[in-house]
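Presented below is the structure to which this report refers.
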Amino acid sequence: MIRRDWKRQRPHSLVHALRLCKEFAQERHNLSVERIADRMGVSHDCLYKWLATGRLPAIQLPTFELACGCTYASAWLATASGKLVIDLPKGAKTHASDLVEFNTGFAEALQLLNDFHAGTADAQATLQALQRHLEQAAWHHANVAKHATPELDFES
C-alpha cells in the first residue's frame with residue numbers, strides 16, 4: 001500500500017474533510033472510529049452518523065480534530081470562506097528539501113495554470129495546486145519574519 005502524502009491533501013467538502021481526519025487517525029495513529037469517539041466522549045454510532053452526513057456540531061470540531069491529530073475540517077471551513085490557511089511557522093531554519101518542495105509545487109502550479117488556460121487542465125486541480133503554492137509561500141514569508149525571534153522547539 002502506498003503511503004498518502006498528507007501535506008498535499010486538500011478537502012473539497014466538509015464530509016471529505018471529516019473523512020480525511022478519520023483516515024489520518026487510522027493511518028498515522030492506528031485509531032478506529034470507536035477509539036476516536038471514545039476520546040471525544042461520544043458514542044461511536046453518533047460519530048458514524050456525523051461522518052456520513054457532515055453534520056458534526058461545531059462545538060465538537062476541535063475535540064474531533066484533537067482526537068484525530070489533524071485539522072482538515074477547520075482548514076476546509078476557512079478556505080470555503082475564502083481565507084488562506086497556513087500552519088504557524090516557528091522561525092526555524094528551512095532545510096534544502098523544503099525549498100525543493102516549494103519550487104516543485106510552484107512548477108506544478110504554473111504548469112497546471114498554463115494547461116488550464118490552454119483548455120487541457122481541470123479547474124479544481126489547478127485551484128488546489130495554486131492554493132498549496134500560496135500556502136507554502138505564506139509559510140516561508142512568515143518564517144522569514146519570525147527568524148529574528150524563533151520560538152522554542154519543544155517537539156524535538
Side-chain angles (χ1 to χ4, degrees), residues 1-40 42 44-58 60-90 92-116 120-143 153-156:
M1 183 162 116
I2 298 173
R3 287 183 54 108
R4 193 182 305 196
D5 184 4
W6 290 103
K7 285 183 179 181
R8 297 178 63 86
Q9 291 295 315
R10 296 293 180 269
H12 51 76
S13 69
L14 183 57
V15 172
H16 185 232
L18 296 174
R19 289 182 181 158
L20 280 175
C21 288
K22 175 192 66 121
E23 292 166 10
F24 181 88
Q26 288 173 331
E27 184 177 314
R28 288 288 177 94
H29 303 295
N30 199 25
L31 294 175
S32 65
V33 173
E34 287 78 11
R35 289 176 63 195
I36 295 169
D38 185 49
R39 288 182 175 193
M40 292 177 64
V42 298
H44 67 276
D45 292 329
C46 195
L47 184 56
Y48 273 117
K49 182 178 76 170
W50 292 339
L51 291 174
T53 63
R55 296 181 61 98
L56 179 80
Q60 291 287 348
L61 185 59
T63 308
F64 175 68
E65 290 182 331
L66 182 65
C68 292
C70 61
T71 58
Y72 291 112
S74 294
W76 181 83
L77 287 170
T79 56
S81 298
K83 308 298 182 214
L84 183 66
V85 178
I86 62 167
D87 292 329
L88 291 176
K90 294 181 170 60
K93 280 191 172 183
T94 301
H95 302 298
S97 62
D98 295 331
L99 296 177
V100 169
E101 182 180 334
F102 181 56
N103 188 37
T104 304
F106 176 65
E108 178 186 332
L110 192 59
Q111 182 64 46
L112 279 169
L113 186 60
N114 186 41
D115 292 347
F116 174 76
T120 58
D122 178 46
Q124 188 66 27
T126 305
L127 287 171
Q128 287 181 348
L130 288 169
Q131 180 77 22
R132 278 193 304 270
H133 178 66
L134 288 172
E135 288 170 0
Q136 288 175 332
W139 185 90
H140 284 290
H141 178 271
N143 195 41
D153 188 11
F154 292 114
E155 295 179 10
S156 297

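These numbers come from a predicted model, not from an experiment.
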Problem set entry | CA sep, side-chain torsions, deciding dist, call: M40, L56, side-chain contact (heavy atoms from CB on, under 4.5 Å) | CA-CA 12 Å; M40 292 177 64; L56 179 80; 4.3 Å; yes
For this session: Show your working on side-chain contact (heavy atoms from CB on, under 4.5 Å) between L130 and T126 and close with a plain yes or no.
Result: CA-CA 6 Å; L130 288 169; T126 305; 4.0 Å; yes
Exercise. Can you name the salt bridge (Lys or Arg N to Asp or Glu O under 4.0 Å) partners of R19, sequence neighbours left out?
Worked result: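 Expected list: none.
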[X] side, atom [atom1]; [Y] side, atom [atom2] - distance, nearest 0.5 Å:
X: T79; Y: Y72; atom1: OG1; atom2: OH; result: 12.5 Å
X: C70; Y: H29; atom1: SG; atom2: NE2; result: 7.5 Å
X: C21; Y: L31; atom1: SG; atom2: CG; result: 12.0 Å
X: F106; Y: L134; atom1: CZ; atom2: CG; result: 10.5 Å

If every non-hydrogen atom of [X] is compared with every non-hydrogen atom of [Y], which pair is closest and at what distance?
X: N30; Y: R35; value: O-NH1, 2.8 Å
X: E108; Y: A129; value: OE2-CB, 4.2 Å
X: A25; Y: I36; value: CB-CD1, 3.7 Å
X: A75; Y: V85; value: O-CG2, 4.0 Å

Could you tell me if the side chain of [Y] sits less than 4.5 Å from the side chain of [X], heavy atoms only?
X: E101; Y: T104; value: no
X: Q131; Y: L84; value: yes
X: L51; Y: L47; value: yes
X: L18; Y: W50; value: no
X: R10; Y: L127; value: no
X: L112; Y: Q128; value: no
X: E27; Y: W6; value: yes
X: W139; Y: F102; value: no

Problem set entry | CZ/R55: more than 12 non-hydrogen atoms of other groups inside 6.0 Å |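 No.
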Exercise. More than 12 non-hydrogen atoms from neighbouring residues, nucleotides or ligands closer than 6.0 Å to NE2 on H141, yes or no?
Worked result: no
Exercise. Do any N or O atoms from the side chain of D98 and from the backbone of H95 form a donor-acceptor pair under 3.5 angstrom?
Worked result: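 It does hold such a pair.
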For this session: State whether the side chain of R132 and the backbone N or O of A109 hold a donor-acceptor pair below 3.5 Å, judged by distance alone.
Result: no
Exercise. Parallel, tilted or perpendicular: which describes the rings of H12 and H16, with under 30° parallel and over 60° perpendicular?
Worked result: parallel
Show which side-chain atoms of residues 60-69 pair as donor or acceptor with protein atoms under 3.5 Å away, not counting sequence neighbours.
{"unit_1": "E65", "atom_1": "OE1", "unit_2": "S74", "atom_2": "OG", "d": "2.6"}
{"unit_1": "E65", "atom_1": "OE2", "unit_2": "A73", "atom_2": "N", "d": "3.1"}
{"unit_1": "E65", "atom_1": "OE2", "unit_2": "S74", "atom_2": "N", "d": "2.7"}
{"unit_1": "E65", "atom_1": "OE2", "unit_2": "S74", "atom_2": "OG", "d": "3.1"}

